[in-house]
Structures are given as structure tokens and as C-alpha cells.
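Data first, discussion second: the structure below is written as C-alpha cells.
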Number of protein chains: 2
Amino acid sequence: MSDTAGPSRRREETRRRLLEAAAEVFAEVGMDAASVEVICDRAGFTRGAFYSNFASKDELFFALVGLVAQERVRSVADRVAALEADGALDMTADNVVEVVSRVLEIGPEDRLGVLLFNEIRIHALRAPELAAAYLEQDTAILDSVARLVDDIVAGKDIRFRLEPRAVARLLMTVWESTSVRGVMAGLPPAELARHTGEELGRVAAALIER
Amino acid sequence: MSDTAGPSRRREETRRRLLEAAAEVFAEVGMDAASVEVICDRAGFTRGAFYSNFASKDELFFALVGLVAQERVRSVADRVAALEADGALDMTADNVVEVVSRVLEIGPEDRLGVLLFNEIRIHALRAPELAAAYLEQDTAILDSVARLVDDIVAGKDIRFRLEPRAVARLLMTVWESTSVRGVMAGLPPAELARHTGEELGRVAAALIER
DNA sequence: GTCTATAGGAAGATAGAC
DNA sequence: GTCTATCTTCCTATAGAC
């Protein structure tokens, strides 16, 4: 019964390994320069197995974009929920900075994550179907962060100089651009996270009404 | 004498047309997916002419990156110089917003410009030589904008809540991310420029001490 | 300087064995 | 389900004519 209902466990595992390998290769050399064969080698399969699981390289890419988007949205939502549950929102203006940088430690903090994120972004700039998916996840993350900002503001003595949504947008933007420049400068992972966190903190602090 | 000194006028013109066509094609489909043949067709030449002017597609891309970077830096520097010469810096807090959005109308405001800029960016993320060039132009533009912010502050009753360089960085970052989302949403050129300008204005306003 | 012709290779995708 | 073998297409780069 469990066999007729859906794809077998083995098949799922193969798909997963192929997607994982593809994420690496796409990040490293880009979707267009990535050959199906290299992806298969990395995953420990041959092209036959690949085409038994995906109709084309494009289909694999689309599937991967969906997964990455879902994962990012979930990751941020989880952090926000955790902060809210912790009661960490009883804060002073001083540790807003800390909270902010903690939430925005979104998925791609490592070099490959930043690369994959940007690879997806440029393909979304060119393909309308991808653009829709990209903007959707972007909005979902924005919503999460904006809600957190909203919660921070509500009933506290902290006020921002922009509406919550604009604050959230700015933080996301700073996170993204700082991490890109960090990767480009060749910062090691620890430095990358620290530097991005500091930048976020400075901007958040400047936006707090005092 | 004019012939022995350097490349002929005709040759320069061919190079220029090839570079121009390449900029379009790279923006549209990306450097890896762009074939030399399509670039040549677009420029009105054949591959023979191409390889007489460039050793490889990579060399063409590097040359193009250099040109684009140079052009961007010059464009921003010119605008800043023009504003300083105009005495447009005698301003009140109210029109800082206007000035800011005027300066940051940097080159790529159209769809293709944004695409090309992002294409260059992701290649710079992967190739250290390109990364150095990218960071260099980024810093040069940052310097220009920071100087402008500095001039605005000096001797006026306007003060920002961040140091000039941080303000400049934030404005560049907002410009970049807003234009990307605008292109992705399919905004027509006029809307794209207007929307980006408004966003920049809002952020600038929030950073002015009052 | 630019063209045509072509060598040489790489990669996407399919068919059929196991 | 996965593998090997193969078809086919496309592309980079070169050589030599004009």
C-alpha cells in the first residue's frame, strides 16, 4: 500500500541527493555552466538516473528554486516565532540590535548559500515564472520580519522612524548586500556572519527614535 | 603615422559594436548562455571578425566589465560634480531627498542595465579577478556619494544619523535592491525610475536628524 | 579586416540492457 | 531504478579565401 501511493523511498532519496548536488554545482559555476554529468558525478549517479527523476535540467532547477524558497521562508518564520515565544521581546532599545541580527541570520550565510541565492535571483530577473516565485518568498519573509518589528514596537518604549514594513525591508536589503560584498572580499564564514550582523545592528540603531 | 600608432578607426568601431551587442546579449541570457554567434549576428559581423578582435568570449567579457565599471564610476562622479558646481547644495532638509535621488540615478535604470549589472555581480562573486574590479568600482562610487553627503552636511543645518559613508552605502544598497525588485515585477522604465527614487527619498528622510 | 568552411569537442537527452 | 551506449545538436575556436 505504501508502495502504490507514491514514489518509493529509494527514489525520493535519489531525487534528494541529486537536488543537493545540483545546489552545490549551481552555486559554484552557475546554472548554465553546470553540466548534468557533473551534477550526477557529485551525487554518485549517472545521467540515466538523472533523467529517470527529472525531465530536464530546467525542471531540476525549478524544483530546487521551490525548495530553497520554502526553506528560507520557514527558517525566518521559525526564528521569529521562537523569539516571540521566548518573550525575548521584552527588550530595551539597546538589545533591539542584537535581536535584529539574530533573526536575520537567514539561511545563506555561507559562501555557497550566497552564491546560490544570487544565482536564483538573476534567473528570476529573466524568467517571469521564476520572478513570481521569487517575489512571493521575498514578500513572505518581509511579512515575517515586519511582524517581528511590529511586535517590538507594540507597547514598548521603542519607536522606529519608519513604518515596520519599511524597517523590515531595509534590514533585509542590508543583509543581502553586506553578505554579497563580504563573499566577494573573501571573508571567512565567521567574519562574514559577524560583519553582516554588525552592519544590521548599526542600521537598526540609526532607525530607532530617541 | 596615425595608422602605425594604434588600431585603426575601423577596427575600434568593430570592437565597439561587438562590445555593445555583447552587453545586450549578456544581459538578456547571461554570459554562459550567450553564444559568440548570437553576439556577432547582433553586431552585424561573423565569428571571423570576432576572433580577430578578441581572443575568446572570456576576454570580451572582461573587457566589457572594465568598460561598464568605468562608465558607472564616471557617471556618478559627474553628477556629483555637477551638483556641487550648481550650488545645489544650498538646500533645506526638504530637498535633500530630491538631490539624493537625482545623484543616484546611476546608469542601469532600465531593465537591461539592471540585468547586466547583476550578471557582472554574480560572475564577480565567483572569480577573484573580477571581484577585485567590482569592489574597486563599488568603492569609487561609494566615495563619490559619500563626498556629496559630506558636502551636504558641512556648514548646513542638516545632520544625518549615520556617518556620511554609511549613509552613502545605505543609499546605494537601497537603489540596487529596489531596482532589482522593480525589474522583477515587470515595472515599465518610467515607473522603475520613479519607484526607486521614492524609496531612496524615504530612506534619506528617515536618516536626517531633526 | 572580414568572410566562409570546418575541425573538434562538449553537453542535453534517449533507448535499451541489467 | 540505475547503468551503458549512442544520437544529435550546438558551440568554441581556427585556417585560409577574398
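Order of the sequence lines fixes the chain letters, A, B, ..., with proteins taken first and strands second; residue numbering starts at 1 for each chain.
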Checklist outcome for this item: When rounded to whole Å, the CZ to P distance for the pair B:Phe54 and C:dT2 reads 11 Å

Item to check | Nearest-nucleotide pick for B:Phe45, side chain only, options being D:dT4, C:dT2, D:dG1 | outcome: C:dT2

Checklist outcome for this item: Numerically ordered, the residues 12-30 of chain A set in heavy-atom contact under 4.0 Å with DNA chain D is A:Thr14

Checklist entry - Out of C:dT2, D:dC3, C:dC3, which nucleotide sits closest to the side chain of B:Arg10? => result C:dT2

Next on the checklist: Using the ring pair (Phe, Tyr, Trp, His ring centres under 6.0 Å) criterion, which residues pair with B:Phe50? Sequence neighbours excluded.
Outcome noted: B:Phe54

Item to check | Short N-O contact, A:Arg202 and A:Glu199, less than 4.0 angstrom | outcome: yes

Next on the checklist: Can you build the contact string for nucleotides 12-18 of chain C? Use B for base contact, S for sugar-phosphate-only contact, and - for no protein heavy atom under 4.0 Å.
Outcome noted: BBB----

Next on the checklist: Do the side chains of A:Glu13 and A:Arg9 get close enough for a salt bridge, i.e. N-O under 4.0 angstrom?
Outcome noted: no

Next on the checklist: Under a 4.0 Å threshold between the charged nitrogen and the carboxylate oxygen, would B:Arg169 count as salt-bridged to B:Asp138?
Outcome noted: yes

Checklist entry - Does CZ belonging to B:Arg147 count more than 12 external heavy atoms closer than 6.0 Å? => result no

Next on the checklist: Please report the distance, rounded to the nearest Å, between CD1 in B:Ile39 and C1' in D:dC10.
Outcome noted: 15 Å

Checklist entry - Ion pair present between A:Glu12 and A:Arg15, side-chain N to carboxylate O less than 4.0 angstrom? => result no

Item to check | B:Glu59, CD atom: more than 12 neighbouring heavy atoms under 6.0 Å | outcome: yes

